[in-house]
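These notes are about the structure you will find just below.
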Number of protein chains: 2
Amino acid sequence: MTGGFLPEVALDRTSPVPLYFQVATRLQQLIEDGEMPVGGRLENEVDLATRLGVSRPTMRRAIQYLVERGMLVRKRGVGTQIVHPKVRRPVELSSLYDDLAKSGQEPRTEMRLFEIRPAPDHIAEALGVPEGTEVTWFERLRYAGGEPLAIMHNAVPVDVLPLRREDLEQHGLYELLRAAGRIPRMANQVVGARAATTAEARMLGDSRGAPVLTMTRTAWDESGRAVEYGSHLYRASRYSFELTLTS
Amino acid sequence: MTGGFLPEVALDRTSPVPLYFQVATRLQQLIEDGEMPVGGRLENEVDLATRLGVSRPTMRRAIQYLVERGMLVRKRGVGTQIVHPKVRRPVELSSLYDDLAKSGQEPRTEMRLFEIRPAPDHIAEALGVPEGTEVTWFERLRYAGGEPLAIMHNAVPVDVLPLRREDLEQHGLYELLRAAGRIPRMANQVVGARAATTAEARMLGDSRGAPVLTMTRTAWDESGRAVEYGSHLYRASRYSFELTLTS
DNA sequence: GTCAACACTTTGTCCTGACAAAGTGCAAGG
DNA sequence: CCTTGCACTTTGTCAGGACAAAGTGTTGAC
C-alpha cells in the first residue's frame, strides 16, 4: 500500500545548502540509482515530511523541484509517481565547444577574423542594443577530430565582456561568458538548412552545393541582458542538433 | 523610491481560480500592456501582499510564476525587476499544422500511407515500448499555400490513441492528441540536414540534391508515456525551426 | 579622501496550522 | 447487476510569523 520505501536520508541543518534542496538532491540520487522503482509511488508527502523531520511546505518544495525537472508526476487524490527515466533530461544551454569536449572529440578553433566594431543594424536589433554599439565581432572555423565542422560568426557587446583573441582560440565562447559571470540563461534560435556556397564549401572541406545546417541565435543572461549573437554554419554530414522541449 | 506603481487589482475569492494565479495573471497583463515600466522595479513583496490583501506566500508564488516564465527577475536585497519583453516567450510544444494554421498559411494534408502494424525495432525503441507493439503508422505530405512543404512519417501506439484516416486528413496530429487528453508535455528532437533523394525531391516539388531539414522526434505526455514518434522532412527553402531555450 | 563597519531594505528559507478539491474504492440502494 | 453516494486518501491552496542572507548606502575612523 505504501508503494515506495525511502532509505535513510541524512539532512544537515547547519549546512548553507537549503533543506528543500538537500531533500530534493537525495531523492534524485535514489531515483537515478534505481533504488526507487520506476513507475512506483512515493509515500504521501505528509508522512514523508514527518519521517524526514521537515515541514510539509519544505517537503512539497523538494518534490516540486523534481516535478519541474520531469522526474516526478503528482496527481491530486492519487499520489506522486516516478517517471520513466528516458523522458527526463534537462534542457542545457550549451555551446558547440562544450558538447564536443564532453564527447571527447577534441575541438580546435581557427580564428579567421577578430575585430571591435560598431554593430551592424541587424545585429544591433537582434541584441536589442542601440545601433552603433561597440561589439567584438569574430569568425571562427571549428574543427573536431581534425576535420572542419562549422563556420561561426559571433558578436558580443564589449561592455558585456571584453574578449581577447587568445582566449577564444583556446576556450569556448560560452565557457568564457560563464567564467565572467555573464551566464546565458535564455536563447532564441532559428535552425534551417541550405546549400553551401563555393567559399563556404572550400572552408568546410566539402563540395559546392553540399547541404549545411544554419543556426542563428541570440542569448540573454538572467537579467535579460543580451550577451551574444551568433550566426553559425554546420556541415550537415557531421552535425545535428539534439534538443529536449518541455511545454 | 518605490519604483513601480501597481493600479487597482480586483481579486475574486469566491472564484475557483487560485488566488496566486489571479494575482500573477493580473500582473502579467499590466506588464504586457506596458503599464508597468520595463526595467522598472516592482514594489517589495511584503507591501505588495499587504496592499492586495493576500499573504506573503501567495504573493511570492504569483511572482515566482512570472519569474519562471522569464518576465521578472528577483535579486535578494535588491528587488524584483521587469525583464525586457524580447526575452520572454514560453517554449511551445506545437506541431507544424498548428504553426501553419496560426500564421494563416492554410495547411492541407495528403495521406500517402495509413496502416496499423507492429512497430519496427528502432521505432519501438524510440517509443520505449516492447517490440511488436501495435502502432498506427502513416505518411503524410503537408502543403502550405498550395505548395508541398514536408513529408511526415509518424507512429502512434494504438492503445494511446486509435486514429482514423479521415481525422488526420483534416486535423493536425497534436490537435487530435490534445483532444483525446494525451497532451504532449515533453519531446526529444534531433534536427539535421541532408540532400533530398530523387523520390523525395519529386514529392516536394524540388530538384534532386536540394537541401532538406530532417527532424525526428519522440513525444511524451505528463505521465511519461510515449505518445508519438515522428520522422519528418522539410523543404529547407521554405521552412526553418524557431525555438526558445531556457536553462 | 578612502576604506571599513554598521544599519537598512529586500528576498530566501522554514515552520505550524487549516481547509478545499480531486481521485479511489466500497457499500447501499435501485 | 449497475449506479449513486459517501468516506478516505492525497495533493492543492492559503494564512501568519520568524529568522537568515545578500545587496545598498551611509556614517565614522583614519
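A note on names: the letters A, B, ... follow the listed sequences, proteins ahead of strands, and every chain is numbered from 1.
Between Arg56(A) and Ser55(B), the residue anchored closer to the 5' end of DNA chain D is Arg56(A), taking for each the nucleotide with the nearest heavy atom. For the pair Leu19(A) and Pro16(B), both in contact range of DNA chain C, the more 5′-proximal nearest nucleotide belongs to Leu19(A). When the nearest nucleotides of DNA chain C are assigned to Gly77(A) and Phe21(A) by heavy-atom distance, the more 5′-ward of the two goes with Phe21(A).
Note: CZ (Arg41(B)) to P (dT9(C)) measures 13 Å, nearest angstrom. When the P atom of dG23(C) is taken as reference, atom CG of Asn44(A) falls 18 Å away, rounded to whole Å. Remark: P of dT10(C) and CD1 of Ile63(B) are 12 Å apart, rounded to the nearest angstrom. Distance, Met59(A) CE to dT11(D) P: 10 Å, rounded to whole Å. Atom CG in Leu11(A) sits roughly 16 Å away from atom P in dT13(C) (whole-Å rounding). Taking atom CZ of residue Arg13(A) and atom C1' of nucleotide dT13(C), one finds them 11 Å apart after rounding to whole Å. Rounded to whole Å, atom C1' of dT9(C) lies 14 Å from atom CD of Glu43(B). Taking atom CD on Gln81(A) and atom P on dT9(D), their separation rounds to 19 Å, with Å as the unit.
Of the candidate nucleotides dT13(C), dG12(C), dG12(D), dG12(D) has the atom lying nearest to any side-chain atom of Arg76(A). Distance from the side chain of Arg60(B) is smallest to dT13(C) among dA18(C), dA15(D), dT13(C). Of all nucleotides listed (dT24(C), dT11(D), dC15(C)), dT11(D) comes nearest to the side chain of Thr80(A). Of the candidate nucleotides dA15(D), dT16(C), dC14(D), dC14(D) has the atom nearest to the side chain of Tyr20(B).
Using bins of under 30°, 30° to 60° and over 60° for the plane-to-plane angle, the ring pair Trp137(B)/His153(B) lands in the parallel bin.
For Arg225(B) and Asp159(B), the salt-bridge test passes: some basic side-chain N is under 4.0 Å from an acidic carboxylate O.
With rounding to the nearest 0.5 angstrom, the CZ atom of Arg74(A) is 5.0 Å from the CZ atom of Arg60(A).
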Worked check of side chain to side chain donor-acceptor pair (under 3.5 Å) between Tyr20(A) and Gln64(A):
CA-CA 10 Å; Tyr20(A) 77 89; Gln64(A) 188 58 36; over 6 Å; no
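If you check distances only, the side chain of Arg61(A) never reaches the base of dG12(C) with a donor-acceptor pair under 3.5 Å.
The phosphate of dG23(D) has neither OP1 nor OP2 within less than 4.0 Å of any side-chain N or O from Arg74(B). In this model, the phosphate group of dT13(C) is not approached by any side-chain N or O of Thr58(A) to a distance below 4.0 Å at OP1 or OP2.
Within 6.0 Å of CD on Glu115(B) lie more than 12 heavy atoms contributed by other residues, nucleotides or ligands.
Residue-level contact check: Pro18(A) touches the backbone only, with heavy atoms under 4.0 Å from sugar-phosphate atoms and none from bases.
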